[in-house]
Trainee: 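Submitted below is the structure of interest, expressed as structure tokens.
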Amino acid sequence: MGDNLKLYSWATSSSDWARDPALSWLRAIISGFLITVAAVNVWPLLLLNLGVMLAAFTEAIFLGLFLWWTGGGGPPHKTEAARATAFRSRILSPRQWFWGLIAAFFFAATIHASIVLLFRFVSFPVAAFRHGYDISFIPSQPLRWLAVVVSATSAGICEETGFRGYMQHPIEQRHGAPVAILISSLFFMALHLTKAWALLGMAAIVFRAGVMLGLLAWSCRSLIPGMIGHVVMDIGLFAYWWTGIAGNFTARTITDTGVDQPFIIACSAFTISLFAVLFAISRLRGRV
């Protein structure tokens, strides 16, 4: 990670190209990707080499240091202000916490409802979703749940810091929120296209997740609600869709069953959740 931090310092330096408004988006993309990729890959290495308990303890320390450093702490001194700004460091009011948490939890519900609906139209590709997520080497169910929670926490913190913080926020300042959210969402989607489960429908869902998380970070001017929503979403993804420790999706497509009650419930859950997210975001933007 040290080499990546040096590259990040270079990307946030005061050189002419880094100050050029026409190149600010490039600087943001580079720094956002470096921060995300360097940090999110620490946990898999720890898990494979240290065992769950020691790996989880070490990852907790790492994430604490990561949040401290990306929030503006530590060297190099010349990038402290830039790091704090990119991280959207601020204290949320009780009202912002209220609407932020509503947005976070209904965001997670929206994404999972979207996946359920997708696999009521096309068959659920179990093998593709489980590829690369085999945790059978972990000896017990409680330890598997611990691995899932830490995996989700690591992804939520690191990806929100990189994409909605270091990538999106500088572009917002130069080019406005619509452009910034579009760019961060496209690169967020691109990062996940390497996964075996990244079929066309899932790519669209990941892009939509990026847009909603981008809107949440922009409206709240903080990464914290987005991190919470991302972690909650990923706990469900890891536990249910990717590893199956929380159960298996067995519903047949509507071409086999017709428009049944579970499908109508899923449509209703998606509609209500999406409305709740957008309403909470509008309240956040109006109250900040």
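Numbers for residues simply follow the sequence, beginning at 1.
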Trainee: Does atom CG of Leu193 have more than 12 heavy-atom neighbours from other groups under 6.0 Å away?
Mentor: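 For Leu193, atom CG is crowded (more than 12 foreign heavy atoms under 6.0 Å).
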Trainee: Surrounding CD of Gln261 (heavy atoms of other residues, nucleotides or ligands, distance under 6.0 Å), is the total greater than 12?
Mentor: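 12 or below, so no.
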Trainee: Tell me, please, whether Trp69 has Arg83 positioned over its six-membered ring: NZ or CZ under 6.0 Å from the ring centre and within 45 degrees of its axis?
Mentor: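 Here Arg83 passes the 6.0 Å and 45° test against Trp69.
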Trainee: Could you tell me whether the side chain of Trp218 reaches within less than 4.5 Å of the side chain of His169, counting heavy atoms only?
Mentor: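 No, side chains not in contact.
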Trainee: Would you please name every residue forming a side chain to side chain contact (heavy atoms under 4.5 Å, CB included) with Phe137, sequence neighbours left out?
Mentor: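 Only Leu47, Leu48 meet the side chain to side chain contact (heavy atoms under 4.5 Å, CB included) criterion with Phe137.
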Trainee: Which donor-acceptor pairs under 3.5 Å do side chains of residues 115-125 form with protein atoms, sequence neighbours excluded?
Mentor:
residue	atom	partner	partner atom	Å
Arg120	NE	Arg252	O	2.6
Arg120	NH1	Asp260	OD1	3.2
Arg120	NH2	Arg252	O	3.3
Arg120	NH2	Thr257	OG1	2.8
Arg120	NH2	Asp260	OD1	3.2
Arg120	NH2	Asp260	OD2	3.1

Trainee: Can a cation-pi geometry be assigned to Arg130 and Trp242, taking NZ or CZ under 6.0 Å from the six-membered ring centre and within 45° of the ring axis?
Mentor: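 Negative - Arg130 is either too far from the ring of Trp242 or too far off its axis.
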Trainee: What do you reckon, is CZ of Phe249 surrounded by more than 12 foreign heavy atoms closer than 6.0 Å?
Mentor: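 Counting other residues, nucleotides and ligands, CZ of Phe249 exceeds 12 neighbours.
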Trainee: With a 4.0 Å cut-off on N to O distance, would you call Glu172 and Arg88 a salt bridge?
Mentor: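 Looking at Glu172 and Arg88, the cut-off is met.
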Trainee: Just do the ring pair (Phe, Tyr, Trp, His ring centres under 6.0 Å) check on Phe163 and Phe33 with the steps written out, would you?
Mentor: CA-CA 7 Å; Phe163 286 106; Phe33 249 111; 5.7 Å; yes
Trainee: Assess Arg144 against Phe238: is NZ or CZ under 6.0 Å from the centre of the six-membered ring, and within 45 degrees of the ring's axis?
Mentor: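 No, Arg144 does not sit over the ring of Phe238.
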Trainee: Apply side chain to side chain contact (heavy atoms under 4.5 Å, CB included) to Phe105 and list each qualifying residue two or more places apart in sequence or on a separate chain.
Mentor: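 Checked Phe105 against side chain to side chain contact (heavy atoms under 4.5 Å, CB included); matches are Leu101, Ile228, Val232.
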